[in-house]
Amino acid sequence: MRFPSFVVALLSLTLPLYAAEASGQPHLEKRGSATQLVVDGKPFLVLGAELHNSSSSSLDYMAPIWPKLAALPLNTVLTPLSWELVEPEEGKFDFTLLDGLLKQAREQHLKVVFLWLASWKNGMSSYPPVWVKRDTGRFPRVVTNGNEVEILSTLGKATLEADSKAFTAVMRHIKEVDASDHTVLMMQVENEVGVLGDTRDHSAIANRAFDSTVPSELTRYLVSNRQSLYPELRDLWEQNGAKTSGTWEQVFGASPRADEIFMAWNYARYVHAVAAAGKAAYNIPMYVNTWLAGEDTTPGDYPSGGPQPRVVDIWRAAGSVIDVYTPDIYQPNFAEWCRRYNRAGNPLFIPETNGGATGGANAFYAFGERAAIGVSPFGIDSWNDGENDLGKSYRILEQLSPLVLEHQAKGDIRGFVLDKSRPSVTFVLNGFQVQISLDEIFGFHTEQGFGLLMATGANEFLSAGKGFRVSFNPRTNGSERVGIASVDEGSFKDGQWVAGRRLNGDETDQGKYWRFDQRQINIEKASVYRFQ
Ligand code: DGJ
């Protein structure tokens, strides 16, 4: 019996994974209550940022940028790598750029995540080599509103084969040059995929597929994962009778949602297949990123078929090669998007988001509250040195990384971002009810605060951030209360705690609160006690 090449590639992934763990190769690992990126046998927190799309196409352009990125300090740079520059002529691969980028990154002790800009980037197909672009017969395109557009169809067999071949060559080369260094941590496969300008591909081949029966792998997945399906998807399927067979419109109803689900299935099949081909050559974690839909938008206003939260299940039904589904969060409701992606076993990685002070604050939230693998604000190379608020956060997070990773796994760390619309949060940690509120003292009210808090021992806590204050309650009935025994600021040098001032008096509002004022990001340890 002959298996399709897609299946063979999938099967071949199992063995290399064990090899990966043994060799220290980057891989994802469930450690306690978190899924973490493990590199050289140790968990790794990605303090990252993404370059502008075209920066990494020139080594000369990049040369002065790398040292600035290292000084920020970043530990990982999300670096575009395009199909057109890797395979300018069919079958002739050029890895000069890839090798040069790795050399430059290593000189600055930086890690890299390559973004494979190939069949799609922001929905469109501007990154394939010109020999693909001009051959619209061999590499068919999407039809929207009656016209072929510059978007490669997911149903082009030759396109999938060509993209997979190129990606395999890339991964084989990375294995050759990086299997002992592990500079390359992960691969992003394609970029913000999905059809723009219409709810789905209306080419003849796509119309035929749309009028055919929904693949049984998908309906089986819906049945066996019914309880954990994203609620919006489950509701849609159930409202249409929870059918286990039928055409896409019969199973999901005649609406733009059915079109989006159809496109999600087809992009997912394609992207899993490209990723499987690459992983068969070198198996490191791979993810896809998402242009997020606005709340009241129609598929096609945003790329239809990309892994929006409501169709991540469709992607998962289509294959298990992609390890992480990730959001590009430029919208203000950062925490809500984190929640939508960090569910049903999907770890949180944020490949694109805002930088500056907002990005720096959100990083604390993502690592503390959502056990994120990493965060990566976009367009880092155009920021002025003076706008280094992200760096201020990263300098603290860099010191705390080992502790953050340890407590992510233990599940005893929380993160928060506070402002006037959400001035306080309350949760239980280490046996205490903890309230975190915007800081205020002597009538002065702070308007923004952020931080993370972890339980470091019985009655012991470590926290970092600014603009908030912490109070503890005992969680027992009766007259028991909690006092603050001590608060010390400090820092970590080579992993060792170096204590600074003992904070008392105004700094703790005369012992009433553990305060982090709004002037700078601090690291502090507190010890508390119970009394009547
Ligand atoms: C999201 C894309 O993924 C990036 O490549 C870039 O185009 C940014 N948008 C620009 O904001």
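Ligands are counted one by one from 1 in listed order, and the atoms in each one are counted from 1 as well. The structure displayed is predicted, hence computed values, not measured ones.
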**Q** Could you work out, with salt bridge (Lys or Arg N to Asp or Glu O under 4.0 Å) as the rule, every residue matching Asp381, not counting sequence neighbours?
**A**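 In terms of salt bridge (Lys or Arg N to Asp or Glu O under 4.0 Å), with neighbours along the sequence ignored, Asp381 is linked to no residue.
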**Q** State which residues pass salt bridge (Lys or Arg N to Asp or Glu O under 4.0 Å) with Glu107; sequence neighbours excluded, sorted by chain then number.
**A**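 If we apply the salt bridge (Lys or Arg N to Asp or Glu O under 4.0 Å) test to Glu107, skipping adjacent residues, the hits are Lys103.
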**Q** So, Tyr221 versus Trp265, ring centres under 6.0 angstrom or not?
**A**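 No, too far apart.
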**Q** For Arg172, give me all partners under salt bridge (Lys or Arg N to Asp or Glu O under 4.0 Å), at least two apart in sequence or on another chain.
**A**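 Partners of Arg172 by the salt bridge (Lys or Arg N to Asp or Glu O under 4.0 Å) criterion come out as none, since no residue qualifies.
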**Q** Dump the pairs for me: ligand 1 N or O, protein N or O, distance under 3.5 Å, to 0.1 Å.
**A**
residue, atom, partner, partner atom, Å
ligand 1, 3 (O), Asn122, OD1, 3.4
ligand 1, 3 (O), Asn191, ND2, 2.9
ligand 1, 3 (O), Glu192, OE1, 3.4
ligand 1, 3 (O), Glu192, OE2, 3.3
ligand 1, 3 (O), Glu352, OE1, 3.3
ligand 1, 3 (O), Glu352, OE2, 2.6
ligand 1, 5 (O), Asn53, ND2, 2.9
ligand 1, 5 (O), Lys121, NZ, 3.0
ligand 1, 7 (O), Lys121, NZ, 3.0
ligand 1, 7 (O), Asn122, ND2, 3.2

**Q** Do Asp259 and Thr199 have a side chain donor and acceptor closer than 3.5 Å?
**A**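 A pair is found: one side chain offers a donor N or O, the other an acceptor, under 3.5 Å apart.
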**Q** Check the surroundings of atom CD in Glu89: do more than 12 heavy atoms from other residues, nucleotides or ligands lie under 6.0 Å from it?
**A**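 Counting neighbours around CD of Glu89, 12 or fewer heavy atoms of other residues, nucleotides or ligands fall under 6.0 Å, so no.
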